Amino acid sequence: MEITDLTPTELRVWEAFPSGAAVDLRDGPQHSVRAAVLRTLMLNGPRQDGEIPALKLAGARITGVLDMRYGTVETYVRLSQCRFDEVPRLYGGQFRQLNLSGSELPGLDAATLRVEGVLRLTDCRFEGPVKLGGCQITGALFLDRAEFRAPDGSEEPALRLNHSTVGEDLVASGVRVRGRFVVNSASVGASVSLNDARLENPGGTAIDAETLSVDADLHAMRLTALGRVDLRGIRVPGQLNLAYARLANPDGVALRASSAVIGELWLRDAEPVRGSVNLRRAQIELLHVAPETLPCEVRLDGLTYTTLAPHLPAEQRLPVLERDTDGYLPYSYEQLTASYLRIGDDYAARQVQLAKQRRLRATRAWYGRLWGYLQDVTVGYGFRPLRACAWLLSLLAVGSLVYALHEPPPLKPGEHPDFSPVFFTLDLLLPVISFGQEGAFAPEGGYQALAYALVVTGWILATTVVTGVTRAVSRQ
């Protein structure tokens with residue numbers, strides 16, 4: 001391009017380039033700069049000895065297509081608060097630094113873009129798809145307070161960052177996305193911030209972050225997601241913080257973090273999730289979630305966690321396990337039991353195990369359920385052994401009273417010990433111990449029937465006690 005073809009505004013930008021001086025066109029009438037002029041400057045702009053060239057332009061209307069496909073730009077580029085008439089084409093381009101903060105664009109085609117430093121899209125407004133899939137950014141990526149919008153009825157994601165690599169932080173605090181936000185299989189070398197973000201794609205996927213890898217933390221406090229939050233297979237060794245978040249996808253899955261590996265997952269003070277939650281096969285060191293935050297439908301099969309917070313009685317945690325759409329899952333009860341045992345709450349651990357046995361009982365045939373009811377009523381499946389003592393003392397009192405009032409006749413007159421209603425009843429109730437009373441006296445009629453009932457009850461009590469205690473001991 002000949003310098004004589006430039007408009008006065010373009011000439012001003014051209015002359016400022018060699019020294020890296022900034023050109024601010026925000027005051028006064030809007031000035032236009034052709035994209036072709038900017039392209040020429042970035043690829044082959046004038047140089048000045050002893051100066052560092054840079055393109056610093058603010059407040060311009062950029063006409064035509066800024067086509068930098070496969071181009072290499074060695075200078076710093078800042079096109080802030082500009083309005084682009086056409087979608088910039090940066091596919092396969094290489095930049096030292098690129099700053100488009102505050103600009104308005106109809107979209108961005110920048111897949112496989114490479115930036116050696118920082119890419120800034122802070123406060124940008126995009127009215128069409130932004131394609132950054134496969135990009136490589138050595139420094140940080142700033143999307144804070146930017147707005148992304150997919151065209152109505154379009155299947156194209158509003159923001160695509162899939163398979164991209166960010167060497168430092170990905171800052172997207174306060175971002176607004178209407179449509180899908182795709183960041184699956186991406187890698188972030190430090191932390192991700194989605195605090196105060198709003199992601200809207202009702203009935204679809206709000207954010208697709210499958211197998212996203214973050215080397216530090218992912219903060220999404222006060223996040224609003226209208227649509228599915230898909231975190232399947234995500235790797236976050238630090239904290240994944242969804243405190244005070246609002247997740248809503250009423251007709252489907254609101255949160256999916258199955259097969260994820262997370263250091264700490266926080267849902268502290270989050271609004272009750274509208275939609276189902278899937279944490280199957282996830283591995284989490286600290287899971288901070290209140291029962292009332294979780295919805296009526298959960299999937300927890302294979303979920304492993306070390307610590308569960310806040311510490312609550314088992315009675316408040318157990319209803320969550322009963323809401324699992326996969327039905328009775330022994331592993332879920334074992335995990336909850338283990339979490340209570342780690343903090344020394346043996347009582348809560350026994351409550352969970354008792355609930356597990358009761359839930360198991362409902363899955364068995366009628367005779368299995370009957371035997372289960374007997375174990376439950378008598379000794380609470382071994383987790384309430386004092387209940388057996390209460391039964392024993394009650395039956396002992398009944399038998400002793402009855403046989404004290406109606407002493408049974410001896411089997412061999414003159415060859416029997418003195419009758420003791422208490423020890424006679426104990427002989428009937430205890431199948432192993434003998435006090436010499438049962439074999440010396442023979443009740444008749446209804447009293448004999450009572451004796452048989454005490455013998456049978458004693459055997460049932462003994463069997464259930466042994467079974468229950470064995471189960472309880474095996475849990476230690």
Side-chain angles (χ1 to χ4, degrees), residues 157 161-163 180-188 192 194 199 201 203-215 217-220 223 225-243 245-268 270-291 293-309 317-339:
L161 274 168
N162 55 307
H163 301 283
R180 276 192 300 154
F181 178 9
V182 178
V183 67
N184 62 293
S185 302
S187 175
V188 178
V192 174
L194 283 166
L199 314 177
N201 193 23
T205 298
I207 179 169
D208 177 1
E210 289 191 10
T211 65
L212 169 66
S213 177
V214 180
D215 286 359
D217 302 319
L218 194 164
H219 296 288
L223 166 72
L226 306 181
R228 178 174 178 154
V229 175
D230 198 338
L231 307 179
R232 184 187 68 83
I234 195 172
R235 298 292 186 270
V236 181
Q239 187 181 87
L240 198 169
N241 196 332
L242 290 165
R246 178 192 174 202
L247 309 180
N249 190 28
D251 298 325
V253 178
L255 174 62
R256 181 190 184 196
S258 56
S259 303
V261 178
I262 302 169
E264 300 179 6
L265 175 56
W266 286 65
L267 281 161
R268 178 186 175 189
E271 292 188 15
V273 178
R274 297 173 58 199
S276 64
V277 170
N278 184 348
L279 298 177
R280 298 179 69 197
R281 301 177 302 279
Q283 300 177 40
I284 303 170
E285 289 295 319
L286 169 64
L287 177 57
H288 194 298
V289 58
T293 301
L294 296 174
C296 295
E297 293 186 4
V298 296
R299 303 192 73 182
L300 307 176
D301 189 16
L303 169 63
T304 301
Y305 50 88
T306 302
T307 304
L308 186 61
R317 293 286 185 188
L318 286 168
V320 175
L321 305 188
E322 296 171 2
R323 300 201 294 265
D324 199 307
T325 57
D326 291 326
Y328 167 65
L329 299 171
Y331 187 79
S332 298
Y333 288 88
E334 294 301 319
Q335 278 294 297
L336 186 55
T337 298
S339 70

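The structure presented is a predicted model; accordingly, all values stated were derived computationally and were not measured.
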Q) About how many Å separate OG of Ser258 and CG of Asp230, when rounded to the nearest 0.5 Å? A) 7.0 Å
**Q.** Listed partners of Arg232 passing salt bridge (Lys or Arg N to Asp or Glu O under 4.0 Å), at least two apart
**A.** Glu210
Q.
As an exercise, state the distance from CG of Leu161 to OG of Ser185, rounded to the nearest 0.5 Å.
A. 12.0 Å
**Q.** Residues which pass ring pair (Phe, Tyr, Trp, His ring centres under 6.0 Å) with His219, listed by chain and number, not counting sequence neighbours
**A.** none
Q | Where at least one partner belongs to residues 270-279, residue pairs that pass salt bridge (charged side-chain N to carboxylate O under 4.0 Å, His left out), sequence neighbours excluded | A | none
Q: Mind checking side-chain hydrogen bond (donor to acceptor under 3.5 Å, both in side chains) for Tyr305 and listing every partner two or more places apart, or none if nothing turns up?
A: none
Q: Return each pair, listed once, that meets side chain to side chain donor-acceptor pair (under 3.5 Å) where at least one residue sits in residues 277-286; pairs must be two or more places apart or across chains.
A: Ser259-Arg281, Glu285-Thr306
(Q) Going by side-chain hydrogen bond (donor to acceptor under 3.5 Å, both in side chains), name the residues that satisfy it together with Ser213, two or more places apart in sequence or in a different chain. (A) none
Q: Please list, chain by chain and in numerical order, all residues satisfying side-chain contact (heavy atoms from CB on, under 4.5 Å) with Ala220, sequence neighbours excluded.
A: Leu194, Leu218, Leu223, Leu242
Q: Would you check, one step at a time, whether the test salt bridge (Lys or Arg N to Asp or Glu O under 4.0 Å) holds for Arg180 with Asp208?
A: CA-CA 7 Å; Arg180 276 192 300 154; Asp208 177 1; 5.2 Å; no
Q: Quick one: pull up OG1 in Thr293 and NE2 in His288 and give me the separation to the nearest 0.5 Å.
A: 9.5 Å
Q. Taking only residues two or more places apart in sequence or in another chain, which ones pass side-chain hydrogen bond (donor to acceptor under 3.5 Å, both in side chains) with Thr325?
A. none
Q | Closest approach of Leu212 to Ser187 (non-hydrogen atoms, all atoms of both residues) | A | CD1-N, 4.4 Å
Q: Decide yes or no on side-chain contact (heavy atoms from CB on, under 4.5 Å) for Leu336 and Arg317, but give the supporting numbers first.
A: CA-CA 8 Å; Leu336 186 55; Arg317 293 286 185 188; 3.9 Å; yes
**Q.** By salt bridge (Lys or Arg N to Asp or Glu O under 4.0 Å) - contacts of Arg246 (at least two apart)
**A.** none
Q.
Nearest 0.5 angstrom please: Ile262 CD1 to Ile284 CD1, how far?
A. 5.0 Å
Q: Output yes when a side-chain donor or acceptor of Asn184 lies under 3.5 Å from a complementary backbone atom of Ala209, and no otherwise.
A: no
Q | Residues that Thr307 engages under side-chain contact (heavy atoms from CB on, under 4.5 Å), provided they are two or more places apart | A | Leu286
Q.
Just so I know, are the side chains of Tyr333 and Leu318 near enough to count as touching, which here means a heavy-atom distance under 4.5 Å?
A. yes
Q: Enter the distance from Gln335:CD to Leu329:CG here, rounded to the nearest 0.5 Å.
A: 12.0 Å
**Q.** Side chain to side chain, Leu300 and Val320, heavy atoms closer than 4.5 Å
**A.** yes
Q: Taking side-chain contact (heavy atoms from CB on, under 4.5 Å) as the test, write out the residues that go with Val253, two or more places apart.
A: Arg228, Arg256, Ser276
**Q.** Between CG on residue Leu255 and CD1 on residue Ile207, distance to nearest 0.5 Å
**A.** 11.0 Å
Q. What pairs with Pro330 under side-chain contact (heavy atoms from CB on, under 4.5 Å), at least two apart in sequence or on another chain?
A. Tyr328, Lys356
